[in-house]
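One structure below.
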Protein chains: 2
Amino acid sequence: MIRITKQSDYGIVLMSRLAAEPEQLHTAAALAAELQLPAPTVSKILKILARGGLLESHRGVKGGYSLSRTPESISVAEIIGALEGPIAVTECIEDGPGECSQEPFCAVRGNWQRINLAIRQALEAISLAEMTEPLEQLVTIGRRPLEQPAEPS
Amino acid sequence: MIRITKQSDYGIVLMSRLAAEPEQLHTAAALAAELQLPAPTVSKILKILARGGLLESHRGVKGGYSLSRTPESISVAEIIGALEGPIAVTECIEDGPGECSQEPFCAVRGNWQRINLAIRQALEAISLAEMTEPLEQLVTIGRRPLEQPAEPS
DNA sequence: GGAAAGGGGACCGATCAAGTCCTATTTCCT
DNA sequence: AGGAAATAGGACTTGATCGGTCCCCTTTCC
Ligand code: FES
Ligand code: FES
């Protein structure tokens, strides 16, 4: 739950791959093959990311994609935002008031934004660079990847 | 994006309403009418929340629901978790390894959990009590409900 | 014993994401 | 100059899943 779409999922994976060699150009086909993802979908996602300004595209033979900025300056929030619009968990308050049909009755109206903000900040705090330096870092610090022993079911 | 289901949406609204009078019993019908939500759906959601241990249910005439704990001790993460399973943004790593088809190729494998953890923590940090004291608090502190001026689009 | 509440689950319809495909455009190489 | 290889852009189909409804059973109060 709190599911993101597969587009974002793939998008982050792809961006992470590109972040490994920021200088280098990668074609959509090569990335798809390497990551074992459906080629047309990869192509589509890369296009969107390029349109969003996160990727630099080079057309023609020997073309391909590369990051338009350094991995450190790209947050996963940006990636998700580029792929699926602004980050908002609920449709209530996306931007303007008057949207939700039950504003008058709703007690939480304003506080939804607290949730949205919390999630957005959490996502903005994670940079692409952090996504590429994988296990060592985690293990070194001794951070537990998961801690949710109590699953009531 | 990063959408939660309407169940969670409604669930949080309902829980917030109940948090206003933690002692009192509320029937599903009354809550539905008050909040202008479809009655059967409300009933369904309350059932799930009760099964999850977040609500105390009383059957029979004069029955109804009430919070099983204080609003301060209930986080929105719990509500969402009860309504839609454990909080995980992606299906890759829900719990055990071996799930994702491309573990060998995936560079982010371990770092997805970083994202999941960040979101989970963000949601755990928000209590039901915070959801009920609505606008005043926000305004007093001068917190901006939204800040996202740069929308590249 | 009846009415009013919750408990549980089956069920259907609409929405939307995921993936495919096609065509145009740009660029490199021969 | 011309062809090949790549991106740009969009239309389309299908499939899952969410949202919502409905029905029947159990419990409790009066
Ligand atoms: S304003 Fe939409 S549910 Fe609160
Ligand atoms: S392990 Fe599933 S995408 Fe990384």
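- Residue pairs meeting the salt bridge (Lys or Arg N to Asp or Glu O under 4.0 Å) criterion with at least one partner in residues 60-77 of chain B, sequence neighbours excluded, are B:R69-B:E78.
- Toward the 5′ end of DNA chain D lies the nearest nucleotide of A:K62, the other residue of the pair B:R59 and A:K62 mapping further downstream.
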Would you be so kind as to tabulate the donor-acceptor pairs closer than 3.5 Å made by side chains of residues 53-60 of chain A, with sequence neighbours excluded?
none

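- Of all the heavy atoms in B:I79 and B:G11, the pair that sits closest is CG2-C, 4.1 Å.
- The minimum heavy-atom distance between B:L123 and B:S75, with the atom names listed, is O-CB, 3.9 Å.
- Between the side chain of B:Q121 and the backbone N or O of B:A118, no donor-acceptor pair lies under 3.5 Å.
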Review point. Does the side chain to side chain contact (heavy atoms under 4.5 Å, CB included) test come out yes or no for A:M131 and B:I115, once each step is laid out?
Key: CA-CA 9 Å; A:M131 294 296 286; B:I115 295 179; 3.9 Å; yes

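- Across the protein-nucleic acid pair, B:I4 atom CD1 and C:dC16 atom P stand 16 Å apart, rounded to whole Å.
- Residues from residues 39-51 of chain B that place a heavy atom under 4.0 Å from any atom of DNA chain D, listed by number: B:P40, B:T41, B:K44.
- Within residues 22-30 of chain B, no residue is approached by DNA chain D to less than 4.0 Å at the level of any non-hydrogen atom.
- Summarising the geometry of B:L18 relative to B:Y65, their closest heavy-atom pair is CD2-O, 3.9 Å, with the distance given to 0.1 Å.
- Of the possible polar contacts, none joining the A:S43 side chain to the A:A39 backbone as a donor-acceptor pair under 3.5 Å is found.
- Nearest-nucleotide mapping onto DNA chain C: of B:Y65 and A:H58, the residue sitting toward the 5' end is B:Y65.
- Distance, A:L37 CG to C:dT20 P: 11 Å, rounded to whole Å.
- For A:V61, the listed nucleotide lying nearest its side chain is C:dT27; candidates were C:dG7, C:dT27, C:dA18.
- Heavy-atom contacts of chain A under 4.0 Å fall on DNA chain D between two terminal nucleotides, which in 5' to 3' order are D:dA4 to D:dG10.
- Whole-Å rounding puts the B:L14 CG to C:dG6 P distance at 12 Å.
- A:E124 and A:A77 make their closest contact through CG-CB, 3.5 Å (heavy atoms, listed as atom of the first residue, atom of the second, distance).
- Checked against side chain to side chain donor-acceptor pair (under 3.5 Å), A:E21 has the following partners two or more places apart in sequence or in another chain: A:H26.
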Review point. Would B:I12 and B:L83 count as a side chain to side chain contact (heavy atoms under 4.5 Å, CB included) if you check the C-alpha gap in whole Å, the side-chain angles of each, and the deciding distance to 0.1 Å?
Key: CA-CA 10 Å; B:I12 293 177; B:L83 283 169; over 6 Å; no

